[in-house]
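Data first, discussion second: the structure below is written as structure tokens.
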Amino acid sequence: MSLNTKPIRTRLAPSPTGLVHIGTVRTGLFNFLFARKYAGQFILRVEDTDRSRFVEGAMENMIEVMQKFGIFFDEGPRLDEHGKMYEVGDKGPYIQSDRLDIYQKYTQELLEKKLGYYCFCSSDRLEELRKEQMALKKPAMYDRLCRNLTDEEVKTKLAEFELEKKRPVVRQANPLEGETIVNDLVYGEIKYDNSTLDDQVLIKSDGFPTYHFAVVVDDHLMEITHVIRGEEWLPSTPKHILLYKAFGWEVPAFAHAPLILNPDKTKLSKRQGDTAAEEFFKKGYLPEALINFIAFLGWNPKTEQEIFSLAELIDQFDLSKINNSGAVLDVNKLDWMNSEYIRTKSDAELVELVKPYWQETGFDLSKFTHEYLENVMSLEKDRLRKLSEISDRTKYFFTETPQLVAEKLVWRKSTSVETKQNLRLLQDLFRTLSDDQMGTITKLEEAVKEFIVKHGFDNGSILWPLRYVMTGEEKSPSPFEVTATIFGGWGRENVMLRLENGISIL
């Protein structure tokens with residue numbers, strides 16, 4: 001793709017209205033990858049002009065979450081070691097509520113050029129207008145009543161508003177004829193009839209700018225070369241382009257990423273709690289797996305490769321590889337991808353990662369050596385899709401004896417009497433084995449299989465009850481792996497106790 005000769009500058013401009021959602025992370029990731037690919041700059045700007053939705057701490061959370069993903073900003077707000085916010089860069093302030101004087105300056109310029117105008121209409125009148133248009137099946141648009149006021153009428157109404165301690169809004173005076181063309185790097189050329197473009201509000205009655213005004217002013221002053229954002233902003237782009245032209249500014253390149261969809265193809269809501277990045281972390285998805293997965297939400301490397309490091313994503317990323325059709329958030333695909341990343345980690349790394357889940361469940365880890373925890377992790381890591389599954393899968397390793405159901409203990413070709421007898425024989429066997437035989441999976445397997453052959457048993461009648469008394473589960477790693485691991489953590493006495501527990505319920 002052809003790039004502007006200027007240094008590449010992209011940005012993420014979130015609103016601090018709550019938790020960081022996957023859609024915001026994807027937008028940030030695409031901007032980050034593009035900037036890094038072309039040795040450019042990636043800026044964080046906080047769009048906090050909608051004060052009614054402002055959430056305390058949301059800005060700090062945004063920075064922390066992006067850092068957790070490995071996404072770092074070259075300019076904008078940062079947190080020091082005490083969690084206090086400060087700014088880096090020479091294009092600030094980077095928080096919009098600190099830039100109100102700047103917006104007022106450019107508002108006056110638009111008013112003087114007659115490319116913006118005061119609107120004095122009450123909210124009641126606008127609501128009635130909207131209802132009338134809906135009843136007539138017309139698009140809800142402002143009827144430009146105040147655009148036709150004379151200078152004298154405007155002066156009079158401003159004086160009236162001042163006496164009432166009210167402020168009028170300022171609207172964009174869009175052209176009534178012609179067309180505006182958006183050359184989007186994802187969707188191609190899109191033409192908009194100017195007569196269909198609403199004269200949107202630029203400055204609200206509280207003196208704060210709307211997103212549509214502030215985003216243009218800020219992107220220009222911060223020298224943003226490429227605006228990469230979600231498809232939902234595509235219909236607003238012609239109005240943004242008209243603002244650039246109104247000021248005589250160079251229009252940046254636009255690239256709109258497709259909507260993220262639920263599996264049923266409905267739009268993924270940004271206000272759904274379970275789509276927040278924090279929720280994915282809590283469920284035990286690794287940041288590197290999430291980054292890999294999120295990159296594929298609307299982007300396709302055009303290769304067979306599916307597992308990418310962040311460095312590989314930077315190398316492969318290109319705006320031409322962004323799709324223009326909806327991207328389905330497939331949790332099954334995420335589970336698979338996460339399991340692939342889990343397998344690449346050492347047992348020691350995984351123990352540290354899953355400790356919070358074990359502790360949250362109430363397991364007293366202080367009773368066990370780190371070696372035991374690693375051995376438990378080694379048995380389960382190939383079966384994990386997300387880290388949060390660890391507690392349920394490994395609970396029998398941390399309880400003295402598992403809960404058993406007598407009917408489940410008996411192998412289908414055996415009886416209660418035979419099973420009871422077999423468990424006693426296993427106790428006799430385990431009393432004779434050395435610690436090395438009991439604690440080494442291969443040696444324990446060899447000893448038990450020799451025992452089965454010697455007594456003429458079928459495998460199921462011995463191995464099934466052994467597995468079940470050790471775990472209380474119908475599915476688990478092999479009985480040799482489980483028994484040797486339990487022996488290593490609890491000792492021979494506990495292995496015998498579990499066998500006795502089985503005997504006692506029959």
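Residue numbers run from 1 in the order of the sequence given. Given the structure is predicted, the values throughout are model-derived calculations rather than measurements.
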Side chains of [X] and [Y]: do they bring a donor and an acceptor to under 3.5 Å?
X: S325; Y: N323; answer: no
X: T266; Y: D264; answer: yes
X: Y341; Y: N292; answer: yes
X: T10; Y: H226; answer: no
X: S97; Y: D48; answer: yes
X: W464; Y: T419; answer: no

Would you check, one step at a time, whether the test side chain to side chain donor-acceptor pair (under 3.5 Å) holds for D50 with S52?
CA-CA 6 Å; D50 188 348; S52 64; 2.7 Å; yes
Test item: [X] and [Y] side chains (from C-beta on) under 4.5 Å apart, heavy atoms:
X: R424; Y: E500; value: yes
X: M470; Y: P479; value: no
X: E288; Y: L310; value: no
X: V482; Y: R467; value: no
X: Y94; Y: V46; value: no
X: I95; Y: M85; value: yes
X: L29; Y: I294; value: yes
X: T225; Y: P252; value: no

Quick check against the 3.5 Å criterion: does [X] have a side-chain atom that pairs as donor or acceptor with the backbone of [Y]?
X: Y468; Y: V405; value: yes
X: S391; Y: Y357; value: yes
X: T440; Y: Q437; value: no
X: K37; Y: D315; value: yes
X: E418; Y: T415; value: yes
X: N338; Y: R385; value: yes
X: K204; Y: T49; value: yes
X: D80; Y: K84; value: yes
X: N501; Y: P402; value: yes
X: E64; Y: N61; value: no

Determine, stepwise, if the pair E352 / H370 fulfils side chain to side chain donor-acceptor pair (under 3.5 Å).
CA-CA 10 Å; E352 294 307 312; H370 203 276; 3.1 Å; yes
For E445, enumerate each residue passing the side chain to side chain contact (heavy atoms under 4.5 Å, CB included) test, keeping only those at least two apart in sequence or located in another chain.
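So E445 forms a side chain to side chain contact (heavy atoms under 4.5 Å, CB included) with K449, F480.
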Rounded distance [0.5 Å steps], CD1 in I342 versus CG in L387:
4.5 Å
For the OG atom of S461 and the CD atom of Q421, what is their distance to the nearest 0.5 Å?
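Answer rounded to 0.5 Å: 10.5 Å.
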Other residues, nucleotides, ligands: >12 heavy atoms within 6.0 Å of [X] [atom1]:
X: Q305; atom1: CD; result: yes
X: E371; atom1: CD; result: no
X: K265; atom1: NZ; result: no
X: E189; atom1: CD; result: yes

Counting the benzene-type ring for Trp, do [X] and [Y] have ring centres under 6.0 Å apart?
X: F368; Y: W490; answer: yes
X: F280; Y: F69; answer: no
X: F293; Y: Y285; answer: no
X: F296; Y: W299; answer: yes

Residues [X], [Y]: salt bridge by 4.0 Å N-O rule:
X: E47; Y: R45; result: yes
X: K443; Y: D435; result: no
X: E349; Y: K381; result: no
X: K408; Y: E474; result: yes
X: D458; Y: K413; result: no
X: E279; Y: K282; result: yes
X: R431; Y: D428; result: yes

Under the criterion side-chain contact (heavy atoms from CB on, under 4.5 Å), I'd like the reasoning laid out for F451 against L425: C-alpha separation, chi angles, the key distance, then a yes or no.
CA-CA 9 Å; F451 162 82; L425 289 172; 3.7 Å; yes
Could you go step by step and tell me if L329 and I22 meet the side-chain contact (heavy atoms from CB on, under 4.5 Å) rule?
CA-CA 10 Å; L329 197 154; I22 288 299; 4.2 Å; yes
Derivation and outcome, side-chain contact (heavy atoms from CB on, under 4.5 Å), residues R99 and D218:
CA-CA 9 Å; R99 298 172 60 83; D218 291 345; 2.8 Å; yes
Going by the ring-ring contact (aromatic ring centres under 6.0 Å, His included) test, name the single residue among F30, F73, F34, F72 that passes it with F42.
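Testing each of F30, F73, F34, F72 against F42, the sole residue satisfying ring-ring contact (aromatic ring centres under 6.0 Å, His included) is F73.
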For [X] and [Y], work out which heavy atoms get closest and say how close.
X: D347; Y: S378; answer: OD2-CB, 3.3 Å
X: M222; Y: I43; answer: SD-CG2, 4.5 Å
X: L100; Y: P209; answer: CD2-CD, 3.8 Å

When the ring planes of Y372 and F397 are compared, do they come out parallel, tilted or perpendicular, using 30° and 60° as the limits?
perpendicular
Step by step, work out the salt bridge (Lys or Arg N to Asp or Glu O under 4.0 Å) result for R11 and D74.
CA-CA 10 Å; R11 49 72 168 173; D74 300 299; over 6 Å; no
Audit row: T237, R229, side chain to side chain donor-acceptor pair (under 3.5 Å) steps and yes/no
CA-CA 11 Å; T237 305; R229 58 190 180 189; 3.1 Å; yes
Apply side chain to side chain donor-acceptor pair (under 3.5 Å) to residues E231 and N324 and explain how you reach the verdict.
CA-CA 9 Å; E231 179 193 332; N324 58 15; over 6 Å; no
Using the side-chain contact (heavy atoms from CB on, under 4.5 Å) rule, take R78 and I63 through it: C-alpha gap first, then chi angles, then the decisive distance, then the call.
CA-CA 7 Å; R78 290 189 187 176; I63 297 168; 5.5 Å; no
Sort out for me which residue in E389, E400, E473 forms a salt bridge (charged side-chain N to carboxylate O under 4.0 Å, His left out) with K395.
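Exactly one candidate clears the test, E473.
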